[in-house]
Amino acid sequence: MTRSAAVHTDTGSPLPETEVRSSSSSSNPTEVPPNEPPEPPRRSLLRLLMHSGLMFGREFCYAAEGAFATPVLLSVGLPRSLYSLVWLLSPCLGFILQPIVGSASDYCRSKWGRRRPYILALGILMVLGMTLFLNGDALVTATIKNRKQRHIWGVLITVFGVVVFDFSADFIDSPIKAYLFDVCSHEDKEKALHFHALLTGLGGAAGYLIGAIEWRNTSLGQILGSEYQVIYIFAAIIFIVLLIIHMFSIPEIPFGQDVGCQQLYLLEHNTPTYGTIESPASGQYNQNSYNSRSLSGIGKLEDNSQTTCIKPSEEKGSKHVTLKSLIKALLSMPSHYRSLCVSHLIGWTAFLSTMLFFTDFAGQVMYKGNPYAEHNSTSYLTYERGVEIGSWGLCINAIFSAIYSYLQKIILPVIGLKGMYFVGYFLFGLGTGLIGLFPNVLSTLLLCTAFGVMSSTLYTVPFNLMAEYHRKEKIERTNSGTPLNESRGKGIDCAALSAMVQLAQILVGVGVGALVNLAGTVKVVVITSSAISLFGCCFVGLFVQYSQ
């Protein structure tokens, strides 16, 4: 039996789902095992797919940015000396602000829940940023007649759009993961994370394929004016539809609001009527045996003789996180969380070093073209051909990422999370090393499948490990009776992990350009990426904690 087909008890041993449900509906429903932390009910496959679909839309938009951001920025006249600065602004902001936003979502009191308001706001900003960087030049041309002012405003609006899009697209991943952790059982978290990685790969592949089509000569391109507008229409519609579906996928229980004790009983006991307004039959719950430790800390019984519930704001230690307490929470992060964050940083640094420069590597090293030659010269046209081949390599990466995400369900029970983590880093390090040493077109395209393995690994394994950490902590707290550390929650943990992506972008943006200038060839990028990834193999094998 695979892990996704079983429900874990709190001692860590898997039982068939039917056995777990039968035990929860025994003749004495009021009896709660003392070592069993509360779990949300199992979610249907449709609900999990509705939740995961937003990852398809997010990655589709990312692919559109990856395919067109560079041509758009250069076409509006952005100086090459400022190009790297554009890519550094978003990760710098994200690295500083993402943990703050993640922690703030832990204490959000919206009626929609804690995470969905942030997801909606960031989704709107994503669409706004995409609108500006794909349509900004057209808007400025239509509204400003002065050529000099049109050039200045075109650059400013396009750069602003790129930064806003990057900022929002990077940020939105953290509340999506925290939302998943809040409302799903341990087994559903594993299943949904696989769906996240699968749809991320499919979204990237679809985005690169749509971007590879020559839309200018089609009827749609003639109606909308340019291929940029065609890509924008596709990306905006897909993302908005999937965002709406995501918002209605799985209900959240609002934080900081009164919740009836019967509803809390249904939450604690995973009954089929969880999330409904139906009341359990008479005698189905007993206030004296009520366990006040709900998943989100929504409330507790004031005493054994009352049926009202207290808001978490009235509980001891429950308060809004200040900047001082946030910094303290980050500094006091448990060692296993810190090791996981470091491994995530190593993986993303290796991955982004190759991905951000791969098309340039294909044009300069594989095809020996010159990006600085005259645009009508043979050398420049050869470089463009290499860039096209590099784009197909990225498409292969996205497709194989989706395939490998599905295969993870078969591989995981055999080698476990530790094996999955190690294999992802090792295959990527081996693949990039061979590409750097033997830059042949066919072998390079074949080895791009290793990129897909790494991509899928980075999107699933670290968050699976974080889910395991949270689950073990709940068990330990329940057994010992110790309260939750109020200064840290799932939102800030997910944000800290996701912030490593921004830090990796900063390191790559600052370091790789200087490294290329020092070595005099782009080949050094994939060689360095290989070395970092192979070092990551050692780190994930020796320092990252795995459940036994």
Side-chain angles (χ1 to χ4, degrees), residues 4 40-65 101 105 108 110-131 134 165 168-185 187-210 231-255 274-276 296 398 401-402 405-406 409 456 459-460 463 467 490-491 494 498:
S4 59
R42 297 298 297 272
R43 304 298 180 180
S44 67
L45 182 65
L46 177 61
R47 291 281 185 181
L48 296 179
L49 286 173
M50 290 171 64
H51 183 280
S52 305
L54 187 58
M55 301 303 292
F56 181 97
R58 172 179 175 262
E59 201 65 21
F60 188 99
C61 296
Y62 254 143
E65 185 203 32
V101 174
S105 73
C108 177
S110 169
K111 294 182 179 180
W112 285 2
R114 293 190 290 174
R115 318 298 180 184
R116 286 185 290 180
Y118 286 87
I119 295 171
L120 178 61
L122 292 169
I124 293 173
L125 286 176
M126 275 186 65
V127 176
L128 174 63
M130 190 167 52
T131 302
L134 285 177
F165 176 86
S168 307
D170 289 340
F171 256 54
I172 202 171
D173 185 62
S174 178
I176 288 174
K177 293 295 192 299
Y179 178 17
L180 172 67
F181 288 1
D182 284 345
V183 299
C184 288
S185 66
E187 295 300 325
D188 284 342
K189 291 172 191 174
E190 285 188 350
K191 188 184 298 183
L193 286 172
H194 286 304
F195 287 151
H196 279 202
L198 174 65
L199 292 173
T200 294
L202 292 176
Y208 285 122
L209 287 175
I210 292 294
I231 298 299
Y232 168 74
I233 292 296
F234 273 109
I237 291 176
I238 289 173
F239 181 79
I240 291 172
V241 169
L242 292 176
L243 176 63
I244 294 172
I245 293 173
H246 178 84
M247 297 296 292
F248 290 94
S249 59
I250 303 174
E252 289 187 90
I253 293 180
F255 178 76
Y274 169 72
T276 69
S296 301
S401 176
S405 299
Y406 179 79
K409 294 188 293 184
S456 178
Y459 277 116
T460 54
F463 291 98
K490 295 173 186 175
C494 291
S498 297

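Owing to the predicted nature of the structure, the values given are computational and were not obtained by experimental measurement.
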So, do [X] and [Y] sit near enough that their side-chain heavy atoms are less than 4.5 Å apart?
X: F463; Y: F181; result: yes
X: I119; Y: L243; result: yes
X: L242; Y: F60; result: no
X: R115; Y: L180; result: no

Using every non-hydrogen atom in the two residues, find where [X] and [Y] come nearest and quote the distance to one decimal.
X: A64; Y: I231; answer: CB-CG2, 3.6 Å
X: A205; Y: A398; answer: N-CB, 3.3 Å
X: V183; Y: P251; answer: CG1-O, 3.7 Å
X: A235; Y: C61; answer: O-SG, 3.9 Å
X: R43; Y: D188; answer: N-OD2, 2.6 Å
X: P175; Y: L122; answer: CG-CD1, 4.1 Å

Query - For Y459, ring-ring contact (aromatic ring centres under 6.0 Å, His included) partners two or more places apart - result: W348
Report task. Name all residues meeting the ring-ring contact (aromatic ring centres under 6.0 Å, His included) criterion together with F234; count only those two or more places apart in sequence or in a different chain, and write none if there are none. Result -> W215
Query raised in the report: Would Y179 and S249 count as a side-chain contact (heavy atoms from CB on, under 4.5 Å) if you check the C-alpha gap in whole Å, the side-chain angles of each, and the deciding distance to 0.1 Å?
Result: CA-CA 11 Å; Y179 178 17; S249 59; 3.5 Å; yes
Query raised in the report: Under the side chain to side chain contact (heavy atoms under 4.5 Å, CB included) test, which residues partner I124, sequence neighbours left out?
Result: L120
Requested in this report: For A169, enumerate each residue passing the side chain to side chain contact (heavy atoms under 4.5 Å, CB included) test, keeping only those at least two apart in sequence or located in another chain.
Outcome: Y62, M126, F165
Report task. Begin with the C-alpha distance, continue with both residues' side-chain angles, and end with the deciding distance and a verdict on salt bridge (charged side-chain N to carboxylate O under 4.0 Å, His left out) for E252 and R116. Result -> CA-CA 8 Å; E252 289 187 90; R116 286 185 290 180; 3.3 Å; yes
To the nearest 0.5 angstrom, please state how far the [atom1] atom of [X] sits from the [atom2] atom of [Y].
X: S405; Y: L198; atom1: OG; atom2: CG; result: 6.0 Å
X: T131; Y: L125; atom1: OG1; atom2: CG; result: 11.0 Å
X: Y232; Y: I237; atom1: OH; atom2: CD1; result: 9.5 Å
X: I238; Y: I233; atom1: CD1; atom2: CD1; result: 11.0 Å
X: I172; Y: R58; atom1: CD1; atom2: CZ; result: 7.5 Å

Query raised in the report: Hey, are S401 and S456 close enough side-chain-wise for a donor-acceptor pair under 3.5 Å?
Result: no
Requested in this report: For T460, check side-chain hydrogen bond (donor to acceptor under 3.5 Å, both in side chains) against everything at least two apart and list the hits.
Outcome: Q408
Query raised in the report: Between K409 and H194, does a side-chain contact (heavy atoms from CB on, under 4.5 Å) hold up when you go through it step by step?
Result: CA-CA 8 Å; K409 294 188 293 184; H194 286 304; 3.9 Å; yes
Atom pairs and distances, side-chain donor-acceptor, residues 49-56, under 3.5 Å, sequence neighbours left out:
| unit_1 | atom_1 | unit_2 | atom_2 | d |
| --- | --- | --- | --- | --- |
| H51 | ND1 | H196 | NE2 | 3.3 |
| S52 | OG | L48 | O | 2.8 |

